[in-house]
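In what follows, a structure is listed as structure tokens, so that the remarks can point back to it.
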2 protein chains.
Amino acid sequence: MSQEFESNTPIYMQLADRINRRILRGELQPGEKLPSVRETSVQSNVNPNTVQRTYQILEQSGIAESRRGQGTFVTEDPAILQSMRERLKREEIASFVRVMKDMGYEAQEIQHGIQEFLEEENES
Amino acid sequence: MSQEFESNTPIYMQLADRINRRILRGELQPGEKLPSVRETSVQSNVNPNTVQRTYQILEQSGIAESRRGQGTFVTEDPAILQSMRERLKREEIASFVRVMKDMGYEAQEIQHGIQEFLEEENES
DNA sequence: GTTAGTGTTCTAGTTATATAGTACACTAAT
DNA sequence: ATTAGTGTACTATATAACTAGAACACTAAC
């Protein structure tokens with residue numbers, strides 16, 4: 001159970017990221033109910049308050065919806081999920097490319113590095 | 001001058017990253033002297049103590065060397081720079097790929113996404 | 001209307017970070 | 001020897017972020 005958390009970034013953000021990705025990759029379906037604040041709190045071994053902040057973030061970003069007395073649910077709107085998936089994809093790529101170029105790598109080297117890595121990963 | 005700092009990560013780390021990358025991309029040459037703690041403090045508008053921590057990190061990672069009474073210098077050893085460059089490259093790629101796969105993207109989509117991004121970037 | 005389950009809010013404490021100020025240690029030049 | 005310039009170390013303080021704990025508010029089911 002309960003994966004560990006890194007110390008450098010806030011737990012509620014790490015938790016939000018994890019849930020976000022589970023939704024984006026379809027592991028959690030649109031309209032599906034997330035575990036309650038308290039249940040997640042126990043399972044992840046963090047304070048309910050921390051989970052609450054996580055759910056608050058998920059709601060603000062539009063990917064989930066909290067209904068008092070009922071629970072927190074993945075948004076029903078597949079368009080939101082799709083656009084968020086595209087946006088995050090682009091952001092991740094942009095950030096990655098920026099760092100690589102900042103280290104002095106050119107476009108071709110970046111592409112080649114990725115390709116090489118993916119091939120190696122595939123072999124093992 | 002003095003670029004701004006983000007609030008989420010420690011200033012001394014952001015500063016270390018910046019200098020690190022300037023070294024890796026050759027903007028700061030092996031053996032070159034970095035500005036003194038106090039000078040950087042003024043230029044970046046942060047406390048000397050914060051700069052000191054930055055330089056301490058750079059020294060611990062082996063990319064720079066501090067000599068009491070003289071200053072802090074980029075390492076003379078090109079092998080260190082080269083291996084560090086390779087290591088960071090690989091780490092960045094691995095981290096990027098992990099996140100992308102975590103969002104549900106397959107190898108091919110990742111490569112394609114990168115390619116697309118780089119082409120767009122080239123046009124503008 | 002009572003209860004169990006849910007999200008929400010509030011107050012306080014802990015910790016990490018940054019800063020401030022001062023003093024020390026060493027080097028090179030004069 | 002003195003001086004100016006450098007890195008280093010220490011203590012104390014302020015502030016913001018994170019976490020903890022408890023209480024509140026709402027909903028659905030019985």
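Here is how names work: the chains are called A, B, and so on, in the same order as the sequence lines, proteins then strands, and each is numbered from 1.
Among C:dG21, D:dA23, C:dA18, the nucleotide with an atom closest to any side-chain atom of B:P10 is C:dA18. Side chain of B:I11, nearest nucleotide from C:dT19, D:dG7, D:dC18: C:dT19. Nearest nucleotide to the side chain of B:T50, out of C:dA25, C:dA18, D:dT19: C:dA18. Counting only heavy atoms from C-beta on, B:Q70 has its side chain closest to C:dT27 among C:dT19, C:dT27, C:dA18.
If you take NZ of B:K33 and C1' of D:dT6, they are 7 Å apart, rounded to a whole angstrom. Across the protein-nucleic acid pair, B:N8 atom CG and C:dT17 atom C1' stand 13 Å apart, rounded to whole Å. The nearest whole Å value for the distance from the OH atom in A:Y55 to the C1' atom in C:dG5 is 14 Å. Here the C1' atom of nucleotide D:dT8 and the CD atom of B:Q56 are 9 Å apart, to the nearest Å. Rounded to an integer number of Å, the gap from A:R38 CZ to C:dA4 C1' is 11 Å. Atom pair B:R68:CZ and C:dA23:C1' shows a separation of 12 Å (rounding to whole Å applied). Straight-line distance from the CD1 atom of A:I57 to the P atom of C:dG7: 16 Å, rounded to whole Å. For the pair B:N45 CG and C:dA18 P, the computed distance is 14 Å after rounding to whole Å.
A salt bridge does not link A:R18 with A:E27: none of the charged nitrogens is closer than 4.0 Å to a carboxylate oxygen. B:R87 and B:E92 are not joined by a salt bridge, as no carboxylate oxygen comes within less than 4.0 angstrom of a charged side-chain nitrogen.
Of the side-chain N and O atoms in A:S36, one or more sit less than 4.0 angstrom from OP1 or OP2 of C:dT6. Regarding contacts with the backbone of D:dG7, a side-chain N or O of B:T72 is found under 4.0 angstrom from either OP1 or OP2.
Within 4.0 Å of A:E39, counting heavy atoms only, lies no atom of the nucleic acid at all. Within the nucleic acid shown, A:Q52 comes within 4.0 Å of at least one base atom, counting heavy atoms only. Contact annotation for A:R53: base contact, defined as any heavy-atom pair under 4.0 Å involving a base atom.
For the pair A:R85 and B:Y105, the cation-pi criterion (under 6.0 Å, within 45° of the ring axis) is fulfilled. A cation-pi arrangement, defined by a distance under 6.0 Å to the six-membered ring centre and an angle within 45 degrees of its axis, is present between A:R67 and A:F73.
Taking 3.5 Å as the limit, the base of D:dG7 and the side chain of B:R67 contain no donor-acceptor pair of atoms between them. B:N47 contributes no side-chain N or O that forms a donor-acceptor pair with the base of C:dG21 under 3.5 Å.
With B:S41 contributing its side chain and B:N47 its backbone, the two residues share no donor-acceptor pair below 3.5 Å.
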